[in-house]
Amino acid sequence: MTLEEIHGQQPMPAGHDWMQGAGTALHELLVSAQRRGCLTAGVYESAKLMNVDPDNVAFCVLAADQEDEGDIALQIHFTLIQAFCCENDIDIVRVNDVARLAAIVGPSEDSGEPRDLHCILITNPNEEGWKDPALEKLNLFCEESRSVNDWVPAITLPE
């Protein structure tokens, strides 16, 4: 008998397919949110938005490459953002490939400069009834991850 069976929980879907599905859903969500103008990029920009309008935040992505792991200030920001997201029931995931995120999201539309992509928020659009299937898949993925005590699951983006 497994721990999941004892507690009446379903085990997390095993294997590469589940993670790949979450990565594909995240890719689709980022593209869709950017097209709709519902994407906020940057640690400071995200913190400002969460402070002003936390009810409008639908999803959070934290991204760090291996060299960012030693950046204590960034890790403190991540800890605070994670706490805020947990407190406000905002689903959150980690991505370990900032370069891949930059390829998906691209440079800032205003200046054409590279953006800070360590934190990306997806906000609810002004349109009523907007339901993104990719967001729903990611919400389910996060819910499943929490059921096995993985509160900030890591996602690998597809190539």
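Just so you know, residue 1 is the first one in the sequence shown, and it goes up from there.
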Practice task
Evaluate the side chain to side chain contact (heavy atoms under 4.5 Å, CB included) criterion for residues Asn96 and Thr156: first the C-alpha distance (whole Å), next the side-chain angles of each, then the deciding distance (0.1 Å), finally the verdict.
Solution key: CA-CA 7 Å; Asn96 294 326; Thr156 302; over 6 Å; no
Handout entry: Verdict with reasoning, Ile120 to Ile122, per side chain to side chain contact (heavy atoms under 4.5 Å, CB included)
Key = CA-CA 7 Å; Ile120 296 175; Ile122 308 300; 4.3 Å; yes
Problem - Step-by-step side chain to side chain contact (heavy atoms under 4.5 Å, CB included) determination, Cys60 to Met50 - result: CA-CA 10 Å; Cys60 179; Met50 286 190 289; 5.6 Å; no
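Listed here is the closest heavy atom pair of Asp97 and Arg100: OD1-N, 3.0 Å. When all heavy atoms are compared, the tightest approach of Ala64 to His118 is CA-CD2, 4.4 Å. Residues Ala22 and Leu138 share a closest heavy-atom pair of O-CD2, 3.5 Å.
A distance of 10.0 Å separates OG in Ser32 from CG in Leu39, rounded to the nearest 0.5 Å. Residue Asn124 holds its CG atom at 9.0 Å from CG of Asp53, rounded to the nearest 0.5 Å. Put simply, CH2 on Trp151 and SG on Cys86 are 7.0 Å apart, with the number rounded to the nearest 0.5 Å. Separating the CD atom in Glu69 from the CG atom in Leu74 is a distance of 8.5 Å, to the nearest 0.5 Å. With rounding to the nearest 0.5 angstrom, the SG atom of Cys38 is 12.0 Å from the CG atom of Leu30. Atom CD of Gln82 is separated from atom SG of Cys119 by 10.0 Å, given to the nearest 0.5 angstrom.
The number of heavy-atom neighbours closer than 6.0 Å to CD of Glu159, taken from other residues, nucleotides and ligands shown, is 12 or below.
Applying the ring-ring contact (aromatic ring centres under 6.0 Å, His included) definition to pairs two or more places apart or across chains, none involves residues 24-43. Within the structure, ring-ring contact (aromatic ring centres under 6.0 Å, His included) contacts touching residues 47-100 (residues at least two apart or in different chains) are Tyr44-His77.
A single hydrophobic cluster is seen to contain both Ile104 and Leu117, as judged by linkage of ILVMFWY side chains at heavy-atom distances under 4.5 Å, directly or through other members.
For Asp71, the side-chain hydrogen bond (donor to acceptor under 3.5 Å, both in side chains) test picks out no residue, with sequence neighbours left out. Ile72 is linked by a side chain to side chain contact (heavy atoms under 4.5 Å, CB included) to Ile76, counting only residues two or more places apart in sequence or in another chain. Judged as a side-chain hydrogen bond (donor to acceptor under 3.5 Å, both in side chains), and not counting sequence neighbours, the contacts of Asn139 are Asp91. For the side chain to side chain contact (heavy atoms under 4.5 Å, CB included) test, residues two or more places apart in sequence or in another chain that qualify with Glu45 are Thr40.
Judged by distance alone, with hydrogens and angles left aside, the side-chain atoms of Asn56 form no donor-acceptor pair with the main-chain N or O of Thr123 at under 3.5 Å. A distance-only check finds a donor-acceptor pair linking the side chain of Asp68 to the backbone of Asp65 [under 3.5 Å]. For the pair Asn88 (side chain) and Ile90 (backbone), a donor-acceptor distance under 3.5 Å is absent. Judged by distance alone, with hydrogens and angles left aside, the side-chain atoms of Arg94 form no donor-acceptor pair with the main-chain N or O of Val61 at under 3.5 Å.
Taking 4.5 Å as the limit, every side-chain heavy atom of Cys142 sits out of range of all side-chain heavy atoms of Ile92.
Just one of Val152, Leu121, Leu62 meets the side-chain contact (heavy atoms from CB on, under 4.5 Å) condition when paired with Ile81; it is Leu62.
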